[in-house]
Amino acid sequence: MNFFDTHAHIGLIYDDPIEQLRVIQQAKQAGVTRIISINNSLMDFQKVYATLKSVSGIYHAVGVAPSEVTNPGPDWINTIEKSLSLPNVVAVGETGLDYYKQFGDKRSQIELFITQLEIAQKYNKPVIIHNRDAGKDIYDVLTERLPSAGAIFHCYSEDAAYAKKCLDMNVWFSFAGNLTYRNARNLHETVLNIPVDRILIETESPFMIPAEFREKKRTKPNMLPSTARFLAEMLDMDLEELSVQLWKNSCKAFGLPEAV
């Protein structure tokens with residue numbers, strides 16, 4: 001079985017390039033043969049990309065997260081656009097809105113988000129969306145500005161009703177290790193009420209440790225099969241059948257060939 005981790009902050013698991021490569025090797029041994037490497041800032045993207053750009057199975061997203069709204073970096077728009085021409089850079093993100101920690105102000109966050117949606121549209125790339133306590137504004141923006149290549153709601157946190165409302169749009173719903181928590185009823189209800197061909201999974205490494213690994217200090221991509229097993233049980237599907245479906249979904253979401 002092959003698994004696709006659609007969202008991992010490899011640079012936050014370890015800063016050391018040798019340790020990062022070891023993490024990827026451990027993931028491949030666990031059947032996680034593709035990973036989307038995520039960074040919140042352009043400085044971090046450039047650092048991690050330099051280490052991992054030639055590693056097979058590793059793809060990259062480039063963007064500015066809402067946490068960086070007050071300091072996106074000099075000439076940040078041009079930096080994102082140039083980075084999208086680099087090998088294996090397949091998406092814009094993560095970007096979105098975060099009203100929980102109140103980074104900057106709402107207007108500035110929305111402007112940062114919209115600009116990156118426009119870049120994604122210009123370069124025909126999907127966008128990876130961060131949403132924390134900002135579901136209504138994100139939905140309102142996407143109804144007018146969703147890129148043609150679609151969007152991924154990473155570490156999905158809304159309820160089933162919100163997901164159903166979004167099904168008419170070209171979006172995907174990615175679930176992390178918190179899906180395995182007993183009290184995550186909104187997520188459980190969501191996966192049971194959306195088509196399986198719109199579901200992705202991720203580790204959100206080093207965060208969102210699956211229940212099976214709760215004694216660990218950080219999540220790593222090799223833990224992804226734990227979330228897949230939990231999801232298979234919820235959907236009453238054979239794990240291998242589900243893994244094939246998730247692989248197809250992930251490749252389609254990021255415009256990648258299915259062949260390894």
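- Heavy-atom contacts from other residues, nucleotides or ligands closer than 6.0 Å to NZ of K216 number 12 or fewer.
- The two residues R229 and L239 have their closest heavy-atom pair at CG-CD2, 3.6 Å.
- Aromatic ring centres of F230 and H188 lie closer together than 6.0 Å.
- R34 has its side chain within reach of L256: a pair of non-hydrogen atoms, C-beta onward, lies under 4.5 Å apart.
- With hydrogens and angles ignored, the 3.5 Å screen pairs a side-chain donor or acceptor of Q116 with a backbone N or O of L112.
- Transitive grouping of hydrophobic side chains (ILVMFWY, heavy atoms separated by less than 4.5 Å) brings F113 and F45 into a common cluster.
- Remark: of the listed residues N222, D5, T219, D5 is the sole one forming a side chain to side chain donor-acceptor pair (under 3.5 Å) with T203.
- A 4.5 Å side-chain heavy-atom check between L97 and R132 finds every atom pair outside the cut-off.
- Atoms OH and SG, from Y139 and C166 in turn, are 6.0 Å apart once rounded to the nearest 0.5 Å.
- For the pair R218 and Y14, the cation-pi test (distance below 6.0 Å, angle within 45°) is passed.
- Here the closest heavy-atom approach between residue K125 and residue V89 is recorded as NZ-O, 3.4 Å.
- With a 4.5 Å cut-off on side-chain heavy atoms, V64 and T95 do not count as touching.
- Using modelled atom types, one side-chain atom of T190 and one backbone atom of N186 make a donor-acceptor pair closer than 3.5 Å.
- Rounded to the nearest 0.5 angstrom, Y156 OH and E202 CD are separated by 13.5 Å.
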Requested in this report: Please lay out, stage by stage, how Y162 and I138 fare under the test side chain to side chain contact (heavy atoms under 4.5 Å, CB included).
Outcome: CA-CA 11 Å; Y162 188 93; I138 284 176; 4.1 Å; yes

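- In this structure, the side chain of E94 does not engage the main chain of G63 through any donor-acceptor pair within 3.5 Å.
- Taken from NE2 in H7 to CE in M208, the straight-line distance is 10.0 Å, to the nearest 0.5 Å.
- With a 4.5 Å cut-off on side-chain heavy atoms, Y59 and I35 do not count as touching.
- Side-chain contact between V196 and M237: present, with at least one pair of heavy atoms (C-beta onward) separated by less than 4.5 Å.
- Looking at W172, its side chain never comes within 3.5 Å of a backbone N or O of N249 through a donor-acceptor pair.
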**Report entry** Full working for side chain to side chain donor-acceptor pair (under 3.5 Å) between H9 and N39
**Finding:** CA-CA 6 Å; H9 295 266; N39 297 277; 5.8 Å; no

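- No side-chain N or O of S41 forms a donor-acceptor pair with one of E68 less than 3.5 Å apart.
- Looking only at side-chain heavy atoms (C-beta outward), I114 and Q109 stay at 4.5 Å or farther from each other.
- When all heavy atoms are compared, the tightest approach of H130 to D98 is NE2-OD2, 2.8 Å.
- In this structure, D15 pairs ionically with K47, as a charged nitrogen and a carboxylate oxygen lie closer than 4.0 Å.
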Report task. Would you please test R198 and L167 for side chain to side chain contact (heavy atoms under 4.5 Å, CB included) and show each step? Result -> CA-CA 9 Å; R198 302 286 284 275; L167 284 174; 3.9 Å; yes

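- By the rule that hydrophobic residues join a cluster once side-chain heavy atoms approach within less than 4.5 Å of another member, I38 and V23 end up as members of separate clusters.
- A 4.5 Å side-chain heavy-atom check between L200 and L246 finds every atom pair outside the cut-off.
- The number of heavy atoms from other shown groups lying within 6.0 Å of CG (D238) is above 12.
- Checked by atom type and distance alone, the side chain of T180 pairs as donor or acceptor with a backbone atom of A211 at under 3.5 Å.
- Distance alone, capped at 3.5 Å, places no donor-acceptor pair between the D44 side chain and the N40 backbone.
- E111 CD: more than 12 foreign heavy atoms inside a 6.0 Å radius.
- Linking Ile, Leu, Val, Met, Phe, Trp and Tyr residues whenever their side-chain heavy atoms come within less than 4.5 Å leaves F207 and I10 in two separate clusters.
- Rounding to the nearest 0.5 angstrom, the gap separating the OG atom in S226 from the CD1 atom in I209 is 11.5 Å.
- The minimum heavy-atom distance between Q46 and T79, with the atom names listed, is NE2-CG2, 3.5 Å.
- In this structure, I128 is not a member of the same hydrophobic cluster as I119, with clusters built from ILVMFWY side-chain heavy atoms closer than 4.5 Å.
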Report task. Evaluate the criterion side chain to side chain contact (heavy atoms under 4.5 Å, CB included) for residue pair F175 and V191; output intermediate values, then yes/no. Result -> CA-CA 9 Å; F175 297 90; V191 299; 3.5 Å; yes

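- Rounding to the nearest 0.5 Å places OH of Y100 at 14.0 Å from CG of N131.
- Of all heavy-atom pairs spanning P126 and V90, the tightest one is CD-O, 3.3 Å.
- How far OG1 of T51 is from CD1 of I58: 11.5 Å, rounded to the nearest 0.5 Å.
- Nearest heavy-atom pair across P225 and V32 is CD-CG2, 3.9 Å.
- Proximity of Q121 to S148: side-chain heavy atoms (C-beta onward) are separated by under 4.5 Å at one or more points.
- For the residue pair Y49/N88, the side-chain donor-acceptor check at 3.5 Å is not satisfied.
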Query raised in the report: How far apart are the C-alpha atoms of Q245 and D197, what are their side-chain angles, what is the distance that settles it, and do they pass the side chain to side chain donor-acceptor pair (under 3.5 Å) test?
Result: CA-CA 7 Å; Q245 182 65 63; D197 63 2; 5.5 Å; no

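- When hydrophobic clusters are built by joining Ile, Leu, Val, Met, Phe, Trp and Tyr residues whose side-chain heavy atoms come closer than 4.5 Å, directly or via intermediates, F3 is not grouped with I152.
- Ion pairing of E118 with K122 is absent here, as no side-chain N (NZ or NE/NH1/NH2) approaches a carboxylate O to less than 4.0 Å.
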Report task. Let me see the working for T6 and F4 under side chain to side chain contact (heavy atoms under 4.5 Å, CB included), right down to the final yes or no. Result -> CA-CA 6 Å; T6 62; F4 194 139; 3.8 Å; yes

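- By the 6.0 Å contact criterion, CE on M169 is enclosed, its count of non-hydrogen atoms from other residues, nucleotides or ligands being greater than 12.
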